[in-house]
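Notes for the one structure printed next.
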Amino acid sequence: MAGRALLSSLRPYPLLAPRSSPLPLLLRRRCSSSSSAAPRVSSLPLGADPEGAKEPSKAPPFVLTTPLYYVNAPPHMGSAYTTIAADAIARFQRLLGKKVIFITGTDEHGEKIAAAAEASGNSPSEHCNTISHSYRLLWADLDIKYDKFIRTTSSRHEAVVKEFYSRVLNNGDIYRADYEGLYCINCEEYKDEKELLENKCCPMHLKPCVLRKEDNFFFALSKYQKKLEDLLLSNPDFVKPSFRLNEVQSWINGGLRDFSISRSSVDWGIPVPNDNKQTIYVWFDALLGYISALLENEESPSLQQAVNSGWPASLHLIGKDILRFHAVYWPAMLMSAGLTLPKMVFGHGFLTKDGMKMGKSLGNTLEPKDLVHRFGADAVRYFFLREVEFGNDGDYSEDRFINIVNAHLANTVGNLLNRTLGLLKKNCQSTLPFDSMAAAEGNPFKDTVEKLVEKARCHYENLSLSAACESVLEIGNAGNLYIDEHAPWSGFKQGGTSSEMAAKDLVIILEAMRIIAIALSPITPSLCWRIFSQLGFSEDQLGALTWSDTDWGRLRAGHIMPDPKPVFARIETEKEGGNDSNLKVVKNKKKVSRSEGLVEA
Ligand code: MSP
């Protein structure tokens, strides 16, 4: 409870006017200088009418995409990784008050998918329906809040692809020629023999490439060599992280070759408008999903309509294996069609198992569904975003997973909240005796929190998701240190001013917890909702939050907190066997109670 009415009726202290940030402007500007910097929305007290803060702005939307996933097999942890990261970024941008269009979807055409359908004994469209649905189910399990889900087999997408193809054709950038080369079906790409391993094996999939000879339509990529060089020189932020820019520049500087954009041997695809015997190359088709996804349901599908609904994308998030398609082919295709380029392509690293890319083709995947069912969505999201520096590769180990999640979420955050609420209940009848602003007057702890939350904001803006987690967790560490050093439990025993100081300490920690709950909400949304609810706020109040609510000073005297309940249960492990030298760690099968949102230990 403790909604709006409580905030205004029980307040024994005068209402503190909404404040602007106490941090030096310089720091804010420095952090805000990236292209994703957002205007700060006004500081409203919690529970205040959020309409002003969330009023749809006239600014262009923040359009964020994940790759459209191949439906040759159900999703694995590698595919989930990009989507979790995208969801965290989308949630952060929404907190900044932006209109976000978060696009994901499935890439359903091509030889690889047709072969997978055949192997499963289903028609291609039945197969695509099943696998595409499994992606949606996983996204629901992982708390992914996307705005658009595009399937490349939809007729609306097909209309956009054909129109785009015709534009490029009319621009003189498509021609017909024979091609002979080595093809990797898993990459859906002709390979340069120099890139291959022994026995003509693809270095990514470790499977032999097949020799193909086809009469194809080609896209005149080489025509765009100079324009692409100029693009990267004038806009180095186009490819991030910067070490991937070097890679892209070296491909371009090495000389660009035209690439084939049709297949005569593949039926499962969109027919080429000027030759129905061929189908459009799956990449030329799928990339257009980023635009066709923007169509509103009621619109008749046209390229221009889709473009008008939010193009260009602000950010394409992709894995490093598909960088060439996004940072070389795609901008050239868009240039040819006379369309604006996306603002940024970010190529993250791989989740690996034993040093090898985790993947459907290699069969060394980790089941995200199992992880979520055992440990809950928050734990999975937190571990991968905190542990893997966004941009680099990262290896998974279950022991590390359990250690990190227990130490950070159960101990640093969960226990701190629980024991503070316990003390508040015991000593203050669960009612805040001070405004958090008054409680922290002259207290350097407040400055520490303000600096850390500002650091977190900068890291989010720079897509440094691991560092953002770290900064927020540092608030928790500082809070634990503070409470241990100040020992409010003994202050309450002493009574008098010591008791007053102890009460202030509790308010200070709870204010820090409130700030943690907002700042960590892009990463662990359900956990943060549980923290918020433990702090006595309603779901509506949570929905109305913006990043400016991380400003110190929103908790008011008289606010009542509910009885403490754990917000995140530790993952328990059992040791099997009595012999220490032969210890085997067996993880309990955890059942996630989604209604409670808690992992039952
Ligand atoms: N269908 C294409 C993308 C077309 S976008 C217009 C495709 N699909 S995919 O399913 O094979 O891969 C989708 C994404 O998952 C890629 O960004 C890829 O890098 C990512 N991952 C697949 N395995 C991965 C890991 N083991 N680790 C991290 N990401 C990985 O490519």
Side-chain angles (χ1 to χ4, degrees), residues 64-86 103-113 116 128 131-132 134-135 138-139 148-153 157 160-161 164 184-189 202 204-206 244 261 268-270 280-293 313 315-331 333-334 342 345-368 380 384-385 387-396 465:
L64 164 70
T65 69
T66 71
L68 309 186
Y69 299 99
Y70 282 132
V71 291
N72 56 324
H76 59 84
M77 199 53 232
S79 13
Y81 177 61
T82 325
T83 314
I84 293 172
I103 296 173
T104 188
T106 41
D107 182 355
E108 306 188 2
H109 285 133
E111 191 171 351
K112 173 154 94 169
I113 310 303
C128 291
I131 306 283
S132 182
S134 71
Y135 274 90
L138 179 64
W139 300 159
K148 303 275 185 180
F149 189 99
I150 180 73
R151 296 184 57 183
T152 59
T153 46
H157 170 76
V160 168
V161 173
F164 185 93
C184 171
I185 299 169
N186 284 302
C187 291
E188 289 280 17
E189 189 183 19
C202 163
M204 188 75 67
H205 297 101
L206 308 182
R244 302 222 188 278
I261 55 163
W268 183 240
I270 298 175
I280 295 180
Y281 173 43
V282 61
W283 271 100
F284 196 90
D285 157 356
L287 285 162
L288 263 301
Y290 296 144
I291 296 182
S292 65
L315 176 63
H316 288 316
L317 275 192
I318 56 160
K320 62 183 179 181
D321 51 335
I322 54 175
L323 187 59
R324 192 194 304 254
F325 296 103
H326 285 80
V328 181
Y329 293 9
W330 181 226
M333 286 163 60
L334 290 165
V345 176
F346 186 99
H348 65 70
F350 286 155
L351 301 188
T352 56
K353 228 176 163 189
D354 308 318
M356 291 297 291
K357 179 195 174 202
M358 209 182 268
K360 295 173 260 196
S361 310
L362 288 185
N364 60 347
T365 55
L366 186 65
E367 273 295 324
V380 176
F384 287 102
L385 297 183
E387 248 323 77
V388 183
E389 200 179 318
F390 200 46
N392 295 343
D393 292 354
D395 217 53
Y396 170 80
L465 300 175

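The structure presented is a predicted model; accordingly, all values stated were derived computationally and were not measured. Each ligand, and each atom within it, is numbered from 1 in the order the structure gives.
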Checking heavy atoms under 4.0 Å, the part of Phe325 that sits near ligand 1 is neither

Residue part near ligand 1, for His76, under 4.0 Å between non-hydrogen atoms:
side chain

Flag Tyr70 as yes when one of its N or O atoms lies below 3.5 Å from any N or O atom of ligand 1, and as no otherwise.
yes

Closest heavy-atom contact between Asn364 and Lys357?
ND2-O, 3.1 Å

With nothing but distance in play, are any N or O atoms of Tyr69 less than 3.5 Å from an N or O of ligand 1?
no

The side-chain hydrogen bond (donor to acceptor under 3.5 Å, both in side chains) partners of Lys148 (sequence neighbours excluded) come to none

Do you know which two heavy atoms are closest between Pro342 and Leu334, and how far apart they sit?
CD-CD1, 3.5 Å

Purely on distance, is any nitrogen or oxygen of Met358 under 3.5 Å from one on ligand 1?
yes

Using the ring pair (Phe, Tyr, Trp, His ring centres under 6.0 Å) criterion, which residues pair with His157? Sequence neighbours excluded.
none

Thr104 versus Tyr135, side-chain donor and acceptor atoms under 3.5 Å
no

Please indicate whether any nitrogen or oxygen in Pro67 is less than 3.5 Å from any nitrogen or oxygen in ligand 1.
no

Would you give the length of the straight line joining atom CD of Glu389 to atom CD of Glu387, rounded to the nearest 0.5 angstrom?
11.0 Å

At under 4.0 Å between heavy atoms, is it the side chain or the backbone of Leu351 that contacts ligand 1, or both, or neither?
both

